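The chains referred to below are lettered A, B, ... by the order of the sequence lines, with proteins before strands, and numbering in each begins at 1. All values derive from a computational prediction rather than experimental measurement.
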There are 2 protein chains.
Amino acid sequence: MVGDHSGTPRKLGHRVTIRDVAEGADAALSSVSRVLSGHPHVSEKMRIKVQKVAEELGYEPNLNAQTLRSGVSRTIGFVVRDINNPLFTLIAQACERELRRNGYSMILINSDGSVEIENQNFSLLRKRRVDGIIASLVAEDSPYLRKNLDSAHCPIVLLDRQVSDRNISAVIANHSSGVYEAVMSLVKLGHSKIALITGSNNIYPTRNRLEGFTKAHQDANLEICSNLLAVGGFDADYAFSHSLNLLHQKSAPTAFLAGGVGAFMGISRAFKKNKIIMGKDVAFVALDTLSFLELFFANISTVYRDPVEMGREAAILLLEGLEGAQPQVSVIETQFVERDSSKGSI
Amino acid sequence: MVGDHSGTPRKLGHRVTIRDVAEGADAALSSVSRVLSGHPHVSEKMRIKVQKVAEELGYEPNLNAQTLRSGVSRTIGFVVRDINNPLFTLIAQACERELRRNGYSMILINSDGSVEIENQNFSLLRKRRVDGIIASLVAEDSPYLRKNLDSAHCPIVLLDRQVSDRNISAVIANHSSGVYEAVMSLVKLGHSKIALITGSNNIYPTRNRLEGFTKAHQDANLEICSNLLAVGGFDADYAFSHSLNLLHQKSAPTAFLAGGVGAFMGISRAFKKNKIIMGKDVAFVALDTLSFLELFFANISTVYRDPVEMGREAAILLLEGLEGAQPQVSVIETQFVERDSSKGSI
DNA sequence: AAAAATATAGGAATCGATTCCAATCTAGAG
DNA sequence: CTCTAGATTGGAATCGATTCCTATATTTTT
C-alpha cells in the first residue's frame, strides 16, 4: 500500500479547491484569489507561481461559491416557450453566441408551453442568481408574469412580447408591415377572401399581425370575413381542422396566411388531404417560417424576419442592461418575400 | 416620506434570506432549515410558524449556498451537440419531463457543433457542480473527451455515442437493424445501386448504419460501390453537392438513404434542382427523420426511432446512476416504415 | 538618511445555506 | 419521585470562494 497516493495529492472524489492551490503555492487564500481573478497589485513572481500550481492541480473554481460571495455568476438564463420550435432555437443560438463573445454563459430552460412551468423556471433562475434573463413568454396574460417580472432582481429582455404596464426591455418584430405587404400583394392578384390562421391573442405577434392584416383590408376597401380569421392557438391540429372547415365552405378562401410553425403544419396537412396545390389552387404565405424549412420549400412565399438578428439584439440589450442602461425596445423589421406559392393570379 | 417602507420589510434589491425568516419566526437558523428541507424531528408548531413567515416574506432559498454546503444541486446538465437539430430538442424535451417528474431541473447547453465549445460546456457544468450530465457529443474522437468523462465527478449518460474504453452509461439506437430492413426492402424491389449519405465516422450512428448497410449487401450478394457511400459530415451543403455528383454519374444510384436531417435536406434540394420526384424517379428512405417533418412528408419512408423513448430512457439511466447504480447501456430499437417514397419497383 | 507613499501579502470576516453537536425539554419506566 | 431515552431546539462550524483591512516590504521623496 506504500505510495498509494504518492503521485497526486488528490483523493478520488475530492475536488481541488482554492485552499489546495494556496497550500501548493505556499501563499494565502487571498493572494491566490487575486491572481486567479486578475486583480492588480500582484507581483509577477506570485502570479506565475500560483498559476503554475493551479494548472498542475487542475483547479476549477466552484461557481456556486463564487456566485454566493461575489453576487455575480456571469450566467444568463434563457427561458424558451417551446424548445421544439426551430425559430426559437435559432434565436437562442444567435443569442448564446453573442453572450459567449462577451464572456457570459447561457443556460436554456424550456417552459414546454405551460405558464406553470414557466413560473417554476423563473423561480429557478432567481434561486440560481443568474445575472440576467431573456425570455420568450408562453403568454402575456400569465397570472404569474407580473410577479416574475417584478421580483427578478436582474435585467430582463423579452422576445416578441409586450407588457405595457411595466418598463422592460424587449426585442420585437414588426410583423404588421410584412403582413400588410403580403395582403396587398395578394389583393393585387385579385384575392378578396384571405384567411389568416395564427396563434392566440395573448401574445404580441398575433395582435401585431392582425393589425397589419386589418390595415391592409381597410386600405384596399375590403371586408374581413370574421370566419376567415382563426386566432386561437399555435396548435397544428387546430390549424388543420380549421383549414378543413374553411375549405369545405361554399365561399372558401382563395389565399391563406399561416402564422407560425403550427399553423404552417396544420394548413399544409389540410391542403395535402384535399389534394390542393399551393400556388396553383390556392395562394399561400407563411408568416415567420424558419430558414431551415425554406430549404425544402424554396417556393413558398413568406413574411421573413431574421432570427439571428433577433437573438443577437436580445443579447446586446441584456448586456447593456447589465451595465446599467435603462430598459429599451428594439424593433426587427420583417419583409414580404414573394415566391411561387402566392404568385398565381386568380 | 413617512411609511415609505412600511408595507414590507424588504428593501429594494435586498433578497430575503433564511436569516430573515429565522428572525421573523423567532427561531434558530437550524430550525428554519429543518422545516424548509422537510427534516423529521420538528414540532408541528414550529413547522407552521416557519412556513407561514417564509411564505409571507416570499423566501426563496439561494441555490448556490445550498449547493455549496450540501454538495447537491438537484440539477442535471444536458449538453447538446446542435440545438437546431429538431431530433435533439425532442429528446431533450422528453428527458426534461422525466427529470422534472423526479424533482430535478435540467439546464441545456449548446455545443454549437464545436468540440472546443463542448469542452467549455463540460467545464462549466463541473464548476456549477451539477449532479449529473446527459450529453449528445459532437464527436467521439474529441481530444478533450477522455478528460471530461474522467473528471466529471458525477454520473454521465451519453446519447447515441459509444466510448469503448470507458465504462459509461449510454442510450443508443439500433440503427443497423432498421437500415438492414430498409436495404433489403429496396433490393426486393430490384434496386442494386443504393446510395448512403450520412454523417462522419467519428460518431456511433454512422458506423452502426454502415454496419447494417454492409450486412444487407452481403446477405443480398451485392457489391457496395464505394462512390455510393458518402460518409463525412452532417452538413446539408455537403449532402447537396455530393448528391448532385451522384445524379450526374452514368450509373447513378436508383435509391438514396439519408442519414440525419442535414443529409435529408441536402438530398431533397438536389432532387428538387434536378426535378427528380421521390418514389417515382428514385427511391428514398430517410434515416432518423423527425416526427415533425413527417407531418409534412407523410409519404416518405423512414427508419424510425422514438426520440421520446430515448430522452426518457436517458433520464432514467441517469437517475439510477445518481442512486449508485453501475453504468449501463440501453438500446432503443428502430424500425423501417415503408411509405410511398420507396415503394415503386424499378 | 529619515519619512512618506505605495506595492504586496496575509488574516479574518463574509456570502447563505446545511449539519453536527450539545443543551433542554418531555414522557415513560422503574 | 427519580432516572433515562427520545424528541426538539439552538449554537457554531462548515462549504469555497471574495474582499476588506492591516502589516510588512519596497520605493520614492525631501
* Rounded to the Å, how far apart are B:Lys45 NZ and D:dA7 C1'? -> 14 Å
* Take the protein atom CD of A:Glu23 and the nucleotide atom C1' of C:dG10, then report the distance between them rounded to whole Å. =>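 Rounding to the nearest Å, CD of A:Glu23 and C1' of C:dG10 are 15 Å apart.
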* To 10°, what angle do the rotation axes through the five end pairs on each side of the helix from C:dA1-D:dT30 to C:dG30-D:dC1 form? -> 50°
* Nearest 0.5 Å please: distance from the CZ atom of B:Phe78 over to the CG atom of B:Leu125. => 12.0 Å
Under 3.5 Å, side chain of [X] to main-chain N/O of [Y], donor-acceptor pair present?
{"X": "A:Ser33", "Y": "A:Ser31", "result": "no"}
{"X": "B:Ser73", "Y": "B:Arg129", "result": "yes"}
{"X": "A:Glu118", "Y": "A:Gly113", "result": "no"}

* Determine, stepwise, if the pair B:Glu98 / B:Arg101 fulfils salt bridge (Lys or Arg N to Asp or Glu O under 4.0 Å). => CA-CA 5 Å; B:Glu98 185 65 21; B:Arg101 265 187 4 93; 3.1 Å; yes
* Structure fact -> Hits for side-chain contact (heavy atoms from CB on, under 4.5 Å) against A:Arg74, two or more places apart or cross-chain, chain-then-number order -> A:Tyr104, A:Asp131
* To do: List the protein contact pattern of nucleotides 15-24 of chain D with one symbol per nucleotide (5' to 3'): B for base contact, S for sugar-phosphate-only contact, - for none; contact means a heavy-atom distance under 4.0 Å.
  => BBBBB-----
* Considering only NZ, NE, NH1 and NH2 on the basic side and carboxylate oxygens on the acidic side, decide whether B:Lys49 and B:Asp26 come within less than 4.0 Å. => no
* Structure fact -> salt bridge (Lys or Arg N to Asp or Glu O under 4.0 Å) filter on A:Asp82, not counting sequence neighbours, yields none
* Donor on one side chain, acceptor on other, B:Ser330 and B:Glu313, under 3.5 Å -> yes
* Do any pairs count as a side-chain hydrogen bond (donor to acceptor under 3.5 Å, both in side chains) and have a residue in residues 37-47 of chain B, sequence neighbours left out, and if so which ones? ->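 Every candidate side-chain hydrogen bond (donor to acceptor under 3.5 Å, both in side chains) pair involving residues 37-47 of chain B fails, so no pair, neighbours aside, qualifies.
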Would you tabulate the pairs of protein nitrogen or oxygen atoms and nucleotide nitrogen or oxygen atoms of nucleotides 25-27 of chain D closer than 3.5 angstrom?
none

